[in-house]
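To find a chain, count down the sequence lines: A is the first, B the second, and so on, and within it residues start at 1.
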Number of protein chains: 2
Amino acid sequence: MRVLVARCEIGYSGRLETRLAPGDRVILFKDDGSVCVHALKGAKPINYMPGPTVVEEDGELIRVRRPASGESLTVLVEQVHADTRFALTDGAELERAGREKEIQALLAEAMHVIEPGLRLLERERPTDVGPVDLFCRDAAGLVTLVEVKRVRAVAAAVEQVIRYREQVERDPSLRPVRAIVAAPDFAPQARVLAEARNVECIAFDPAVLRGEVEPALRLF
Amino acid sequence: MRVLVARCEIGYSGRLETRLAPGDRVILFKDDGSVCVHALKGAKPINYMPGPTVVEEDGELIRVRRPASGESLTVLVEQVHADTRFALTDGAELERAGREKEIQALLAEAMHVIEPGLRLLERERPTDVGPVDLFCRDAAGLVTLVEVKRVRAVAAAVEQVIRYREQVERDPSLRPVRAIVAAPDFAPQARVLAEARNVECIAFDPAVLRGEVEPALRLF
DNA sequence: ATATACATGTCGAGG
DNA sequence: CCTCGACGTGTATAT
């Protein structure tokens, strides 16, 4: 890892063209080839290049190329404030709790939160237009598709489950098919669309959901 | 700007919970309150907090809080490799050129690339469910909606134009309405959905498109 | 390698 | 403030 703190001018050419007039920035050159340029404000890099890249340095000019896509990032260094290379090691991976996959797993263990009597047949059941999160049958035996969102559901989520329903309904033996979107919250337009297209909206509280699969929490 | 290079453990609690076991990272504390943690790989920070924040430091423990949202980021420092504060100045803003609007404008100038005889009536024509990129009539006089994508079109793009078509078709005088997605490339699932819902896929080459509106290139 | 969907997405425009 | 679509999206996962 190389950490360069310098007054410099930055140019990017690829999916679009950007230029950043001279100013002080912190630039990280990582060993995997990725480069990121941090300005003085904002959590995100103002410019970047994912690895793998080829980095050429010619005096005050640093050119980072990504051969795969033809993109290039150019750093014209005017004044170096610091330029240090560090030998660093890090074997850790980021552990995340609360991703969609996890929410989906929790719901799979607590189907009654969605609807009493709902039985899970398959998770991530593939169709030609995408995977159905939870492929189920309801208490009456009807095929029921559940689309899970970890954040507020918008109209696109409703459209997604409609798309799956249409695909599944191509098999006449499975019809009729119910469609449900399960999310902690719903945008008004998502509800309107769901109503119009006969899609059900089930709101769940992630905290309660965790409680449902942690029996210890509801002993008394 | 403070640049801390250290072996540390990281925790984030907010929209989800994450933990990153001890390892070497580069952490930037910016004067606007934003903080970002860079691992040894990847263009994006592995953890971050947008400003404004409150940073408390208590020995080896650094706690960054975002009162507005209740999020917090915790850095437990085990070993400091470098810890430097820089007084930096940067008044520049990022200049960009070449976005989707440009592609849309190019297509508007070269409608025959989409289909011979297609006439543009309006760009960004508003509907209740969003703006139609290119609102046209075809050679036969049929209303034709074109959704433009600068990059590969996925199923969601097809759904988008279907939604617009449904909205426009609410006016019986305009029916039937054709729907087209124009993109440099199409995901297989997008083609499947388009076929099923009677949406046409038109692939264009951005380079050729530029040529089409550059008469100089086709003088001979 | 390709295809697909997630993401603490972030960001900005428009109502 | 909310809603929605673009983004140089990047990134991981499964085929």
Q) Considering only the P atoms, how many Å lie between C:dA5 and D:dG8, rounded to the nearest integer? A) 22 Å

Give the table of side-chain donor-acceptor pairs shorter than 3.5 Å for residues 146-153 of chain A, with sequence neighbours excluded, one pair per line with atom names and distance.
from     : atom 1 : to       : atom 2 : distance (Å)
A:Glu147 : OE2    : A:Lys149 : NZ     : 3.4
A:Glu147 : OE2    : A:Gln160 : NE2    : 3.3
A:Arg150 : NE     : A:Gly98  : O      : 3.1
A:Arg150 : NH2    : B:Arg15  : O      : 3.4
A:Arg152 : NE     : A:Asp185 : OD2    : 2.7
A:Arg152 : NH2    : A:Asp185 : OD2    : 2.8

Q) With a 4.0 Å cut-off on heavy atoms, is A:Gly98 in touch with a base, just the backbone sugar-phosphate, or nothing at all? A) nothing

Q) Given atom CG of A:Leu16 and atom C1' of D:dG8, what is their separation to the nearest angstrom? A) 5 Å

Q: Return the residues of residues 178-193 of chain B meeting this criterion: a heavy atom under 4.0 Å from some atom of DNA chain C. Order them by number, or give none.
A: B:Ala187, B:Pro188, B:Gln189

Q.
Whether the side chain of B:Asp83 engages the backbone of B:Leu4 through a donor-acceptor N/O pair (distance < 3.5 Å, no angle test) should be reported.
A. no

Q. Start at the 5' end of DNA chain D and walk down; is the nucleotide closest to A:Arg152 or to A:Ile46 reached first?
A. A:Arg152

(Q) Minimum heavy-atom separation for B:Met111 and B:Leu118, please, with both atom names. (A) CB-O, 3.5 Å

Q: Could I get the full list of side-chain contact (heavy atoms from CB on, under 4.5 Å) partners for B:Val168, not counting sequence neighbours?
A: B:Thr127, B:Phe135, B:Val143, B:Leu145, B:Leu174, B:Val177

(Q) Using the side-chain hydrogen bond (donor to acceptor under 3.5 Å, both in side chains) criterion, which residues pair with B:Asp171? Sequence neighbours excluded. (A) B:Ser173

Q: Using a heavy-atom cut-off of under 4.0 Å over every strand shown, decide if B:Met49 touches base, sugar-phosphate, or nothing.
A: nothing

Q.
Run the side-chain contact (heavy atoms from CB on, under 4.5 Å) test against B:Pro52 and tell me which residues pass, sequence neighbours left out.
A. none

Q.
Between C:dA7 and D:dA6, how many Å separate the two C1' atoms, rounded to a whole number?
A. 15 Å

Q: Nearest whole angstrom, please: distance from the P of D:dG8 to the CG of A:Asn47.
A: 10 Å

Q) Among all residues two or more places apart in sequence or in another chain, which pass the side-chain hydrogen bond (donor to acceptor under 3.5 Å, both in side chains) test with B:Glu122? A) B:Arg125

Q.
Can you measure A:Gln160 atom CD to D:dG5 atom P for me and round it to whole angstrom units?
A. 14 Å

Q | Residues in side-chain contact (heavy atoms from CB on, under 4.5 Å) contact with B:Arg191, at least two apart in sequence or another chain | A | B:Phe186, B:Cys201

**Q.** Listed partners of B:Arg123 passing side-chain hydrogen bond (donor to acceptor under 3.5 Å, both in side chains), at least two apart
**A.** B:Gln104

Q: Specify the residue among A:Arg150 and A:Pro131 whose closest nucleotide of DNA chain C lies further upstream toward the 5′ end.
A: A:Pro131

Can you pull every protein N or O that's under 3.5 Å from an N or O on nucleotides 11-13 of chain D?
from   : atom 1 : to      : atom 2 : distance (Å)
D:dT11 : OP1    : B:Ala43 : N      : 2.7
D:dT11 : OP1    : B:Lys44 : N      : 3.1

Q: Using whole Å, report how far CG of A:Leu73 lies from P of D:dG10.
A: 13 Å

N/O donor to acceptor pairs below 3.5 angstrom from side-chain atoms of residues 36-50 of chain A, sequence neighbours left out:
from    : atom 1 : to      : atom 2 : distance (Å)
A:His38 : ND1    : B:Lys30 : NZ     : 3.0
A:His38 : NE2    : B:His38 : NE2    : 2.8
A:Asn47 : ND2    : A:Thr18 : OG1    : 3.3

(Q) Going 5' to 3' along DNA chain C, between which two nucleotides do contacts with chain B fall, using a heavy-atom cut-off of 4.0 Å? (A) C:dA3 to C:dT10

Q: In whole angstrom, give the distance that lies between atom CD of B:Glu95 and atom P of D:dG8.
A: 15 Å

Q: Provide the distance between the two P atoms, one in C:dT4 and one in C:dT8, to the nearest whole Å.
A: 22 Å

Q. Are the charged groups of A:Arg25 and B:Asp90 less than 4.0 angstrom apart, N to O?
A. yes

**Q.** Residues forming a side-chain contact (heavy atoms from CB on, under 4.5 Å) with A:Asp205, sequence neighbours excluded
**A.** A:Ala207, A:Val208

Q | Pairwise 5' ranking along DNA chain D for B:Tyr164 and A:Tyr48, keeping only the more 5' one | A | B:Tyr164

